[in-house]
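A note on names: the letters A, B, ... follow the listed sequences, proteins ahead of strands, and every chain is numbered from 1. Everything numeric in this text was worked out from a predicted model, so none of it was measured.
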Number of protein chains: 2
Amino acid sequence: MNITKALADENRVRALLALRQGELCVCQITELFGLAPSTMSKHLSVLYQAGLLESRKNGRWVYYKLPGSEAPLAVREATRWVQRSLADDPKVTEDAERLKKVLKMDPAELCKKQCGA
Amino acid sequence: MNITKALADENRVRALLALRQGELCVCQITELFGLAPSTMSKHLSVLYQAGLLESRKNGRWVYYKLPGSEAPLAVREATRWVQRSLADDPKVTEDAERLKKVLKMDPAELCKKQCGA
DNA sequence: ACTATGTTTCGCCACAAGTCGAAGTATAAT
DNA sequence: ATTATACTTCGACTTGTGGCGAAACATAGT
């Protein structure tokens with residue numbers, strides 16, 4: 001049942017939907033939602049432990065993405081349901097817009113969180 | 001998103017699955033889970049407000065049941081997902097067993113909750 | 001009208017969950 | 001080795017949620 005608990009938080013569902021466009025690293029998702037890195041990391045961890053995300057480490061960066069077709073049926077159907085039923089939420093469409101801007105700035109936005117910004 | 005929040009609680013999911021067998025009145029579901037009537041009523045209310053249950057009042061009794069095919073797509077698919085993915089949970093199968101016993105005692109079990117039991 | 005019964009609402013408490021900042025870990029760069 | 005960076009874990013705080021009992025509400029029976 002940890003799938004349903006993982007989907008109970010709005011920020012987690014929005015993060016899941018943001019990953020429709022492909023894999024993202026933690027700092028990009030953090031920038032997208034404006035939460036503290038530690039908070040976003042926790043959310044992604046919850047989704048990962050529920051099986052709803054896959055992760056990949058490349059150097060210092062950790063990338064998360066939606067699971068592929070090898071995932072359990074419960075996971076695939078839950079993901080599909082979220083995408084079909086919640087993708088029209090205004091917050092989600094706004095996220096998609098903001099994500100475009102985040103994807104344009106690559107190395108600069110990384111220090112923003114650590115430095116004064 | 002209140003569908004995902006409604007499904008986040010284990011007792012609510014189990015109640016939803018218990019209703020596969022047909023409509024039940026509040027006192028039957030309360031008896032099935034051994035929770036306080038007020039608690040169970042709240043849970044059913046959450047499910048109802050998420051659109052995951054329909055309710056019918058007959059005299060003093062309130063019956064809840066799963067929604068029919070006229071329900072929104074998001075609701076139907078969520079219900080289908082819960083049934084496909086979580087029906088094998090041991091707690092759910094135990095609930096089904098206990099429900100059989102609850103369905104046999106009709107008027108007697110009603111006073112149990114009010115009286116000393 | 002009064003009582004009994006099934007359900008809901010309200011107040012309250014205990015515990016879980018979300019959030020942040022600080023400290024810790026891992027990897028890369030100099 | 002030291003420093004910097006991307007992320008995670010930890011500790012503390014605040015908010016949210018599930019639980020109960022008491023009271024309120026609705027309906028039926030007498």
Side-chain angles (χ1 to χ4, degrees), chain A residues 1-15 23-50 53-65 102 105-117, chain B residues 1-2 4-16 23-50 53-65 102 105-117:
Chain A
M1 307 236 200
N2 45 1
I3 291 181
T4 58
K5 287 206 177 80
L7 295 176
D9 182 76
E10 176 183 311
N11 288 326
R12 284 198 290 266
V13 172
R14 286 166 67 186
E23 74 175 4
L24 296 170
C25 82
V26 177
C27 63
Q28 290 173 312
I29 306 174
T30 302
E31 174 72 19
L32 177 61
F33 290 103
L35 293 172
S38 58
T39 302
M40 205 65 240
S41 176
K42 182 80 184 309
H43 280 314
L44 293 169
S45 167
V46 171
L47 290 168
Y48 177 79
Q49 288 182 345
L53 288 183
E54 293 176 359
S55 80
R56 175 175 75 87
K57 191 167 187 177
N58 186 14
R60 284 172 281 194
W61 289 269
V62 175
Y63 294 89
Y64 284 94
K65 67 172 177 179
V102 172
M105 45 177 182
D106 266 79
E109 45 99 11
L110 302 178
C111 51
K112 270 191 212 140
K113 281 172 277 306
Q114 304 293 339
C115 306
Chain B
M1 306 238 201
N2 44 0
T4 58
K5 287 206 177 79
L7 294 177
D9 181 77
E10 176 183 311
N11 287 326
R12 285 197 290 267
V13 172
R14 286 165 67 185
L16 211 64
E23 75 176 3
L24 296 170
C25 81
V26 177
C27 62
Q28 290 173 312
I29 306 174
T30 302
E31 174 71 19
L32 177 60
F33 290 103
L35 293 172
S38 57
T39 302
M40 206 63 240
S41 175
K42 182 77 186 310
H43 280 316
L44 293 168
S45 167
V46 170
L47 290 168
Y48 176 80
Q49 288 182 344
L53 289 184
E54 293 175 359
S55 79
R56 175 175 75 87
K57 191 168 188 177
N58 186 13
R60 283 172 280 194
W61 289 267
V62 175
Y63 293 89
Y64 284 94
K65 66 171 178 180
V102 172
M105 46 178 181
D106 265 81
E109 46 99 11
L110 302 178
C111 50
K112 271 191 211 142
K113 280 170 279 306
Q114 305 294 338
C115 306

The test is side chain to side chain contact (heavy atoms under 4.5 Å, CB included); show your working for A/M1 and B/V13 and say whether it passes. CA-CA 9 Å; A/M1 307 236 200; B/V13 172; 4.0 Å; yes
Sequence neighbours excluded, the answer for salt bridge (Lys or Arg N to Asp or Glu O under 4.0 Å) partners of B/R14 is B/E10, B/D95
When rounded to whole Å, the CG to P distance for the pair B/L35 and C/dT8 reads 14 Å
Taken to the nearest whole Å, CG/A/N11 to P/D/dG16 is 13 Å
Between the CG atom in A/L47 and the CG atom in A/L53, the distance rounded to the nearest 0.5 Å is 5.0 Å
A/E23 meets the salt bridge (Lys or Arg N to Asp or Glu O under 4.0 Å) criterion, sequence neighbours left out, with A/R56
Within residues 40-48 of chain A, the residues having a heavy atom closer than 4.0 Å to DNA chain D are A/S41
request  = Looking at every strand, decide which applies to A/F33 at a 4.0 Å heavy-atom threshold: base, sugar-phosphate, or nothing.
outcome  = nothing
Picking from C/dT7, D/dG18, C/dA17, the nucleotide nearest the side-chain atoms of B/V26 would be C/dT7
Heavy-atom nearest nucleotide on DNA chain C taken for B/V62 and for A/R12; more 5' hit belongs to B/V62
Whole-Å distance, A/K5 NZ to D/dT17 C1', equals 12 Å
Those residues at least two apart in sequence (or on a different chain) that pass side-chain contact (heavy atoms from CB on, under 4.5 Å) with B/V46 are B/A6, B/R12
5' to 3', nucleotides 21-30 of chain D under a 4.0 Å protein heavy-atom cut-off (B base, S sugar-phosphate only, - none) gives BB---SBS--
Those residues at least two apart in sequence (or on a different chain) that pass side-chain contact (heavy atoms from CB on, under 4.5 Å) with B/T39 are B/L35, B/A36, B/H43
